[in-house]
Amino acid sequence: MSEQSQAFLRQLFEHAVEVADPMKSLVAHLPEKPDGRIVVIGAGKASARMAEAVEAAWGPCEGFVITRYGYARPCEGIEIVEAAHPVPDEAGRDATQRLLSYLEGLGEGDEVLALISGGASALLTAPAGEITLAEKQEVNQKLLSSGAPIGQMNVVRKHLSKVKGGQLAAAAYPAKMYALLLSDVPGDDPAEIGSGPTVGDQSTADDVKAILGQWEIRVPESVREVLTKPTGVLSPDAPELSRVTNKIFAAPSQSLEAAKVLAEEKGFDVEILGDALEGEARDVAAEQARLARQRKAERAGSGKPLVLMSGGELTVTRRGNGVGGPNAEFALALALALDGAEGITAIACDTDGVDGAAEVAGAVIGPDTLPKARAAGHSPEEALAQNDAHGFFERIGDQVITGPTLTNVNDFRAILVE
C-alpha cells in the first residue's frame, strides 16, 4: 500500500480518537460544582481521563475511580486505582468494594458525579450470591470467546453482579447522582455502557439463562443458583433510581462525523455505512469488500476518491488458538476478500487502543498485504482459521499500535477506494 494512503487513513483514525478525548469533550457537559459535598466515582478505560478533566474544571475533588492497567492519569484529590480488563481480577474486586464504601451513608443533600465508560463491565467486580472471582472470570472468558454480541454479554454480566444494572446508583441513594457516560456500544443505550451501573434494566434471570443456552455456555453451580430467583438488577422505574440523571457526552457517531468532515476537507467523498454495526468480523469484512469493489466499478473514471467509514462493535467466535481481536480479524478477512484489488486500502482499529485482549489498536491493509505475507512464508488463510490476526499483522509489520488512548468510542473502520 502507498505510504500516502496509509498515512491518510491513520490520520482519520487519530482524529476520531482525538475528538472523543474527555479533556476536549467532557467539560461542556459538566455542571457547576455543587456547594455541598460532592463525591466523584467512576469506572472504565476512559474514567481516569474523565476524572482528570473534572479536576481541570472543578479543582481537587473527593473521589475514587477504577481504570484499566496503564490507563491511570494524575489527579489531585480523586484516587485512581488500576485493575484488569477484559477479564476481571482481584484488584478490580477489591477496588469495587472500596468504591462502594465512598457511597455509604450519603444523604439527600449529598451529590455523586459518576464517570462511566466502556470497560466498566470488567473493572466493576462484585460477584452476586456465592459466585467466586475465579468463577466470574471463567464465565467472562467464555462470553468473550463465544461470539455473543456485546448487548447479550452485558445482560449476563448485570445479573451476576452486585453493582451493574443500576445497583451502583442504588448504593448511593438517597444522594443525587449525575452520571456522565462515554459510549462504546452500538446504539448508545445508557443501559449498555459498562453494563449500566447507573441505569435500570428490564431483563430478567430467565433472559440470562436463554443467552447462556443460545451460545452453549456452561456455567458453575453458583451461577445457576443465582439465576434461580430474581437478581439485584433494578427496573428503570425503581425508586432508588429516581434521583439519577444519565448523560452521554461522547459517542461513536460524533467521532465518525468528525473524521468525515476532515476527509471531505481534503477532497474525498465519504459514505458512512453506520456507527452501530454488529456481527461476526469476517462476515462484515466480506460484505464491505463486496461494497468497496462495487463502488470502485461505479466510480471508474470519476477521479475522486471515496472513503467508506463505519463504527460499531464486531465480534469473533474463537475457533483457533491465535492472538486476535475483532478489528484485526476484520482487516485480515477484508484483505482476503479483496484479494489484492488495486486502489483499495483500509484501516480497522479500536479507539481505546486495545483490540481484543492485545495491546494493539488494529491494522492497515492494502493491495500488497497478501503478496507481502506469502512472499515471507506467512499464510493469511491459516492465520484467519486460527484467529491469529494480530500475529499475522505483527509478522508483516502492519499493526497499528497507539498505547492507551484514554478514550473509548468503539471501533473505527475506513476503506479508501481510489
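Between Asp355 and Asn327, the shortest heavy-atom contact is OD1-N, 2.9 Å. For the pair Pro88 and Asn140, the tightest heavy-atom approach, listed with the atom from each and the gap, is CD-ND2, 3.4 Å. Scanning all heavy atoms of the two residues, the minimum distance from Leu336 to Glu381 falls at CD2-OE2, 3.8 Å. Considering all non-hydrogen atoms of both residues, Ala48 and Val65 come closest at N-CG1, 3.9 Å. The two atoms that bring Ser121 and Ser195 nearest to each other are OG-OG, 2.6 Å, heavy atoms only. Taking all atoms of both residues into account, the shortest heavy-atom contact from Gly119 to Asn408 is N-ND2, 4.3 Å.
Side-chain atoms of Arg319 never come within 3.5 Å of backbone atoms of Ala385 as a donor-acceptor pair (strictly under, hydrogens ignored). Side chain of Thr351 to backbone of Asn410: a donor-acceptor contact under 3.5 angstrom is found. Judged purely by atom type and a 3.5 angstrom limit, Glu135 uses its side chain to pair as donor or acceptor with the backbone of Thr132. Between the Arg293 side chain and the Leu338 main chain, a donor and an acceptor come within less than 3.5 Å of each other. Under the 3.5 Å distance criterion, the side-chain polar atoms of Glu329 are left unmatched by any main-chain donor or acceptor of Asn387. Without hydrogens or angle criteria, Lys142 side chain to Arg218 main chain gives a donor-acceptor distance under 3.5 Å.
The pair Glu111-Lys33 fails the salt-bridge criterion, with no side-chain N (NZ, NE, NH1 or NH2) lying under 4.0 Å from an Asp/Glu carboxylate O. Comment: Arg299 engages Asp269 in a salt bridge, judged by a side-chain N to carboxylate O separation of less than 4.0 angstrom. A salt bridge links Asp388 to Arg395: at least one charged side-chain nitrogen sits closer than 4.0 Å to a carboxylate oxygen.
Taking the side chain as every heavy atom from C-beta outward, Val40 and Met50 never approach each other to under 4.5 Å. Asp411 is listed as a side-chain neighbour of Asp350, based on a closest heavy-atom distance under 4.5 Å. Two residues are said to be in side-chain contact when any heavy atoms from C-beta on lie closer than 4.5 Å; Val163 and Pro197 fail this criterion. Using a 4.5 Å heavy-atom cutoff, the side chains of His85 and Lys45 are in contact. Residues Glu359 and Val354 meet the side-chain proximity criterion, which asks for heavy atoms closer than 4.5 Å.
Both tests hold for Arg413 against Phe330: distance to the six-membered ring centre under 6.0 Å, angle to the ring axis within 45°.
Atom CZ in Arg49 sits 5.5 Å away from atom CG in Leu406 (nearest 0.5 Å). Rounding to the nearest 0.5 Å places CG of Leu256 at 6.5 Å from CZ of Phe412. The distance from the CZ atom of Phe392 to the CG atom of Asp398 is 8.0 Å, given to the nearest 0.5 Å. Atom CZ of Arg93 is separated from atom CD1 of Ile66 by 12.5 Å, given to the nearest 0.5 angstrom. Going from atom CE of Met309 over to atom CD1 of Ile272 covers 6.5 Å, rounded to the nearest 0.5 Å. Once rounded to the nearest 0.5 Å, the distance linking CG of Leu227 with NZ of Lys209 reads 6.5 Å.
A donor-acceptor contact under 3.5 angstrom links the side chains of Asp237 and Ser235, judged on distance only. For the 3.5 Å distance criterion, the side chains of Gln294 and Arg290 qualify, holding a donor opposite an acceptor. Gln167 and Ser161 form no side-chain donor-acceptor contact under 3.5 Å, judged by distance and modelled atom types alone.
The number of heavy atoms from other shown groups lying within 6.0 Å of CD (Glu298) is above 12. Within 6.0 Å of CD in Glu130 there are 12 or fewer heavy atoms belonging to other residues, nucleotides or ligands. Few gaps surround CD on Glu271; more than 12 heavy atoms of other groups in view lie less than 6.0 Å from it.
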